[in-house]
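As structure tokens, the structure follows; a few thoughts come after it.
Quick note on labels: first sequence line is chain A, next is B, and so on, each numbered from 1.
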There are 2 protein chains.
Amino acid sequence: MSTHGRTLPRRLKRESSSEQVAEHIRRLIMSGELVKGERLRQEDLAEELGVSRIPVREAIIALDREGWLDFESNRGAHVAGLAADDIRDHYELRGLVFGLLARRVVETATDEDVKALSALAAEMKRAPDIVEFAVTNERLIRQIVRLAASPRLTAALLVTPAIMHHDFYEFVPTGRKNQEAGVAAFMRALKQRSADGADTAMRTMLRRQGQAVLAAFTASGVVGRE
Amino acid sequence: MSTHGRTLPRRLKRESSSEQVAEHIRRLIMSGELVKGERLRQEDLAEELGVSRIPVREAIIALDREGWLDFESNRGAHVAGLAADDIRDHYELRGLVFGLLARRVVETATDEDVKALSALAAEMKRAPDIVEFAVTNERLIRQIVRLAASPRLTAALLVTPAIMHHDFYEFVPTGRKNQEAGVAAFMRALKQRSADGADTAMRTMLRRQGQAVLAAFTASGVVGRE
DNA sequence: GCCGCAGACAATGCATACAATATCGTCTAC
DNA sequence: GTAGACGATATTGTATGCATTGTCTGCGGC
């Protein structure tokens, strides 16, 4: 799995089989190999991946809670699929929320906080590969959330459970560019202590990300067959 | 384990053991019997509930994704716990989002839609017990979401994963009253086609619910020991 | 006295095996 | 010919057992 020498920097816990299986299935969905409504048979997946059905079941349960699958007792798991509206709304919401967070950051962050965020933004720009980029980006987001909101719920509700995942940027070509530009705009606004500017930067970035995701997922067939 | 005669009315799919275990653990947390940081040992729970460790593991994974537990590979599951800020932010967000949804409903709903919502609101008021109330309320929320937003993501992000669950109202004394009053206010605004009114109704209701939840969870000890 | 390491113990992760449930085809009755 | 019931098969749900990993205790070295 490790494509680069030091696998996932500052990543402490190793991934269990269940987590790997979940990642695999997420990829299948994002890449369009699994389309909406398609049924996942536990045994097939288990055999295909060389594990037993237990980790497959555990992955399915996690993906059900994340919204990728619909899992009904004794009736199997089906790909939930996404509609164009889902994506639009999802990113509109993210924009709303992160705009609010950005405002709070501008209002409350100390100079040190700004410096720390700045450093992370710079690190993102230098990231040699997409994985490191994603990891750093996640740290930046966490930092913003930590400064602006309760640590757990906002993060859990709006960062974890959805479309943003480690392999997200692989499937959305312009994702990294958008993200970097948005972060840069946010940092400029933050340094000028402009709450409005920070809010706008976040909303704009997330609107663009939404469009990019929609384009990518439409191309791969994840979206559209409603 | 079933302590009440007619288990959950109009529940089509029977609950698997995993789901029952998850519900059990959620209750333990909400009632304060499990406090933040406390570790859950799979075998103990299994024995206590008379099942094997498999359904317990599956429940733990689901609760991890819902945010109730922190589950790390090979290191066990710990109660995540809530901070007062978590609750405040959670409800502020819900207010933001449902305010937006309420606006959209006012702008797009047909007379028939209004009638249907009205019927559900009336049914809520008539509900003889708290379970039926919760079920009807959920149908109403789903209806609103369906009218106003993409069906899946908004619902998945903001309804499912968190504090609202079937046994929520048992733990929050004034929950039902607040909810009914808020729905009534929303319906009045809707009938007058007042987007602002609907928005305000939702925000107000959710602010109050947040306060009620905070009070209840502080009393039970779920919140506070940070 | 403190740090690091080795072994035993405890708890988790996963595979196998069996039980429960759904699904589909077939047969019978009308 | 069609509807309903019954069984065969496919698939999921759960229990048990072993392998793996984390944790704790006690010893030796610095």
Length of the [atom1]-[atom2] vector between [X] and [N], whole Å:
X        : N       : atom1 : atom2 : result
Glu19(A) : dT12(C) : CD    : P     : 16 Å
Asn74(B) : dA11(C) : CG    : C1'   : 9 Å
Gln42(B) : dT21(D) : CD    : C1'   : 13 Å
Asp44(A) : dA10(D) : CG    : P     : 13 Å
Glu43(B) : dC14(C) : CD    : P     : 17 Å
Arg41(A) : dT12(D) : CZ    : P     : 7 Å
His78(A) : dT11(D) : NE2   : C1'   : 11 Å
Leu49(B) : dG13(D) : CG    : P     : 19 Å

Considering residues at least two apart in sequence or located in another chain, which fulfil the side-chain hydrogen bond (donor to acceptor under 3.5 Å, both in side chains) criterion with [X]?
X         : result
Glu33(A)  : Ser31(A)
Thr174(A) : none
Asn178(A) : Gln209(A)
Ser52(B)  : none

#### Entry: Sugar-phosphate only, base, or nothing, as touched by Ile61(B) at under 4.0 Å among non-hydrogen atoms
nothing

### Query
At under 4.0 Å, does any side-chain N or O of Arg75(B) touch on OP1 or OP2 of dG22(D)?
no

### Glu58(A) and its side chain to side chain contact (heavy atoms under 4.5 Å, CB included) partner, picked from Ile54(A), Val56(A), Ile61(A)
Ile54(A)

Taking distance alone, no hydrogens or angles, what donor-acceptor pairs closer than 3.5 Å link side-chain atoms of residues 39-46 of chain A to residues at least two apart or in another chain?
from	atom 1	to	atom 2	distance (Å)
Arg41(A)	NH1	Asp44(A)	OD2	3.2
Arg41(A)	NH2	Asp44(A)	OD1	3.2
Arg41(A)	NH2	Asp44(A)	OD2	2.7
Gln42(A)	OE1	Arg53(A)	NE	3.4

#### Entry: Residues which pass salt bridge (charged side-chain N to carboxylate O under 4.0 Å, His left out) with Arg176(A), listed by chain and number, not counting sequence neighbours
Glu180(A)

Protein N or O to nucleotides 14-17 of chain D N or O, pairs below 3.5 Å:
from	atom 1	to	atom 2	distance (Å)
dT14(D)	OP1	Ser17(B)	N	2.8
dT14(D)	OP1	Ser17(B)	OG	2.7
dT14(D)	OP2	Ser18(B)	OG	3.4
dA15(D)	OP1	Ser52(B)	N	3.4
dA15(D)	OP2	Ser52(B)	N	2.5
dA15(D)	OP2	Ser52(B)	OG	2.6

Distances for protein N or O near nucleotides 5-9 of chain D N or O, under 3.5 Å:
none

### Task
Using the test side-chain contact (heavy atoms from CB on, under 4.5 Å), find all partners of Thr110(B) that sit at least two apart in sequence or belong to another chain.
Glu112(B), Asp113(B)

### Query
Is Glu47(B) atom CD crowded by more than 12 heavy atoms from other residues, nucleotides or ligands, each under 6.0 Å away?
no

